[in-house]
K.L.:
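Got a structure for you, questions after.
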Protein chains: 2
Amino acid sequence: MARRLTPRGKERRSQLMAFAAERFAENGYHTTSVAEIVEGLGVGKGVFYWYFSSKEELFLEILKDAQQDLRRTQRQAIDGIEDPVERITSGIRASLQWSADHRHYHSLVQFAATEERFAPALRKGQEVAARDAMRHVSDAIAAGAVRDADPALITHGILGITTHLARVFIHDLGKPADEVADAAVAFVLDGVLAADRQPTAA
Amino acid sequence: MARRLTPRGKERRSQLMAFAAERFAENGYHTTSVAEIVEGLGVGKGVFYWYFSSKEELFLEILKDAQQDLRRTQRQAIDGIEDPVERITSGIRASLQWSADHRHYHSLVQFAATEERFAPALRKGQEVAARDAMRHVSDAIAAGAVRDADPALITHGILGITTHLARVFIHDLGKPADEVADAAVAFVLDGVLAADRQPTAA
DNA sequence: GTGACACTAGACCGCGCGGTCAAGACTGGT
DNA sequence: ACCAGTCTTGACCGCGCGGTCTAGTGTCAC
């Protein structure tokens with residue numbers, strides 16, 4: 001698409017994306033019709049196709065936006081932190097907080113993975129994120145702070161814990177993000193740190 | 001539905017479920033039409049609606065089947081094992097092996113979670129699985145083998161690692177299930193075991 | 001005030017979908 | 001041999017979808 005947009009136009013576009021994201025997350029992509037989206041905003045169908053060339057494009061745009069936003073949040077969170085392990089834990093905390101603040105994003109991702117035409121775009125963003133995280137893991141291993149195992153496996157173990165706990169405890173059960181973050185960090189560190197650990201007594 | 005089925009009928013029904021599961025996983029639920037399914041099997045449309053009252057019912061049936069099969073596999077894997085920690089690790093290994101043997105199931109689950117009308121059925125099965133696993137975690141905590149934290153958090157941490165590693169390394173990268181299982185178990189145990197652990201040296 | 005263009009409305013279109021149905025073929029029990 | 005009931009065929013239906021298009025209206029630069 002890419003049109004010249006006045007401030008008013010930008011506002012409309014954002015409205016459409018925000019509302020559609022909510023509906024997609026709630027009801028699913030296919031079950032949410034373009035008609036439903038424009039009706040929900042009380043506008044005509046022409047508005048939709050002025051800003052997006054198709055429903056598919058809208059979805060991809062929402063996905064891209066969310067991935068960029070998460071990445072920006074993570075970068076800000078670890079900015080200025082030197083210790084690689086702290087960078088990792090801060091990243092985890094930031095991700096979980098972001099998850100709590102953008103609840104519908106999870107469903108969108110899950111859906112995108114199930115359809116051939118959305119999977120590539122999704123995967124691309126996730127690979128970028130995984131590479132970011134893996135760099136810190138590798139740094140931590142090099143510094144002797146994390147046990148010397150395949151960084152890819154460690155990284156994805158961390159990502160797995162983080163996303164799953166986000167879904168179950170933040171998304172579904174509504175627990176506060178910081179509590180879940182504490183638990184996630186504890187789990188990850190005790191599985192990852194090479195330093196000694198006190199046994200919890202028998 | 002529930003019809004009286006002759007052996008021939010049961011065979012057809014299985015064919016339909018197997019083929020549909022493959023197409024759903026490959027292309028998505030909505031993008032796979034009933035017409036496509038029956039054409040793929042070279043039969044008429046009436047066949048489909050003889051065995052299933054709707055496309056939706058078919059999907060739920062596939063989901064239920066898979067969940068039952070996984071659960072059966074897990075039960076068999078831990079049968080006769082006493083030590084709760086070993087039960088957990090055996091469960092992890094069995095799950096990952098099952099994942100490798102039933103690659104398309106993952107996509108189905110991911111999709112089911114994104115649509116209001118499938119989510120309940122999915123969640124129900126997952127809660128059963130989580131409760132199963134949690135019992136062993138609680139046993140392990142009681143035995144002093146696992147550190148004394150919220151069993152739900154520990155359990156879901158384990159499930160998160162397991163499913164995520166399955167998706168990335170088995171599903172996407174095609175690594176052998178037993179290798180991934182070793183890594184998953186190592187990650188989980190070092191994050192969970194209360195017993196002493198040797199530092200990996202600095 | 002006027003022209004240029006960003007923006008909006010909503011009737012309309014064709015397609016392909018999920019689902020139906022009437023007619024008949026196959027199969028096994030008796 | 002026959003019948004009851006399982007199984008199969010494929011033309012058909014109506015609906016609702018994504019997407020189009022025309023006739024506008026709002027807005028701002030000059």
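Worth knowing before you read on, the calculation uses all heavy atoms, side chains too, and leaves out hydrogens, waters and symmetry mates. Model, not experiment: these values are computed from the prediction. Chain naming here is simple, since letters A, B, ... match the order of the sequence lines and numbering starts at 1 in each.
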K.L.:
Donor-acceptor pair, B:R3 side chain versus B:W50 backbone, under 3.5 Å?
P.N.:
yes

K.L.:
In whole Å, what is the span from the CZ atom of A:F48 to the P atom of D:dC21?
P.N.:
17 Å

K.L.:
Charged N to carboxylate O under 4.0 angstrom, B:K64 versus B:E61?
P.N.:
yes

K.L.:
Taking only the side-chain heavy atoms of A:R12 (C-beta and beyond), determine which of C:dC12, D:dT8, C:dT8 contains the nearest atom.
P.N.:
C:dT8

K.L.:
With A:K55 as the cation and A:F24 as the aromatic partner, state whether NZ or CZ is under 6.0 Å from the six-membered ring centre and within 45° of the axis.
P.N.:
no

K.L.:
Please list residues of residues 18-41 of chain B whose heavy atoms come under 4.0 Å from any atom in DNA chain C, ordered by number; otherwise none.
P.N.:
B:T32, B:S33, B:V34

K.L.:
Has A:E57 got a side-chain atom pairing as donor or acceptor with A:M1's backbone, closer than 3.5 angstrom?
P.N.:
yes

K.L.:
Is it the case that over 12 heavy atoms from other parts of the model lie below 6.0 angstrom from the CZ atom of A:R4?
P.N.:
no

K.L.:
Among A:H104, A:H106, A:H30, find the residue that satisfies the ring pair (Phe, Tyr, Trp, His ring centres under 6.0 Å) test when tested with A:F111.
P.N.:
A:H30

K.L.:
Taking all non-hydrogen atoms of both residues into account, name the closest pair between A:I170 and A:L96 and its distance.
P.N.:
CD1-O, 3.7 Å

K.L.:
Please report the distance, rounded to the nearest Å, between CD in B:E11 and P in D:dT6.
P.N.:
19 Å

K.L.:
Over how many whole Å does the gap from A:M1 atom CE to C:dA6 atom P extend?
P.N.:
12 Å

K.L.:
Taking the minimum atom-to-atom distance to the side chain of B:S54, which one of C:dA9, C:dC7, C:dG19 wins?
P.N.:
C:dG19

K.L.:
Between atom CZ in A:R4 and atom C1' in D:dA29, what is the gap in whole Å?
P.N.:
12 Å

K.L.:
Rounded to the Å, how far apart are A:L16 CG and C:dC7 C1'?
P.N.:
12 Å

K.L.:
Measure CG/A:L5 against C1'/D:dC28 and give the value in whole Å, please.
P.N.:
16 Å

K.L.:
Which nucleotide wins on minimum distance to the side chain of A:V47, given the candidates D:dG18, D:dT8, C:dA9?
P.N.:
C:dA9

K.L.:
State whether A:K55 places a side-chain N or O below 4.0 Å from either non-bridging phosphate oxygen (OP1 or OP2) of D:dG18.
P.N.:
yes

K.L.:
Under 4.0 Å between any heavy atoms, over every strand shown, what does B:G9 touch: base, sugar-phosphate, or nothing? Just pick one.
P.N.:
sugar-phosphate

K.L.:
OP1 or OP2 of D:dT27 versus the side-chain N and O atoms of A:T6: is any pair under 4.0 Å?
P.N.:
no

K.L.:
Whole angstrom is fine here: how far is it from OH in B:Y49 over to P in C:dA22?
P.N.:
17 Å

K.L.:
Would you say a side-chain N or O of B:W50 is under 4.0 Å from OP1 or OP2 of D:dT8?
P.N.:
no

K.L.:
In whole angstrom, what separates A:K45's NZ from C:dC12's C1'?
P.N.:
9 Å

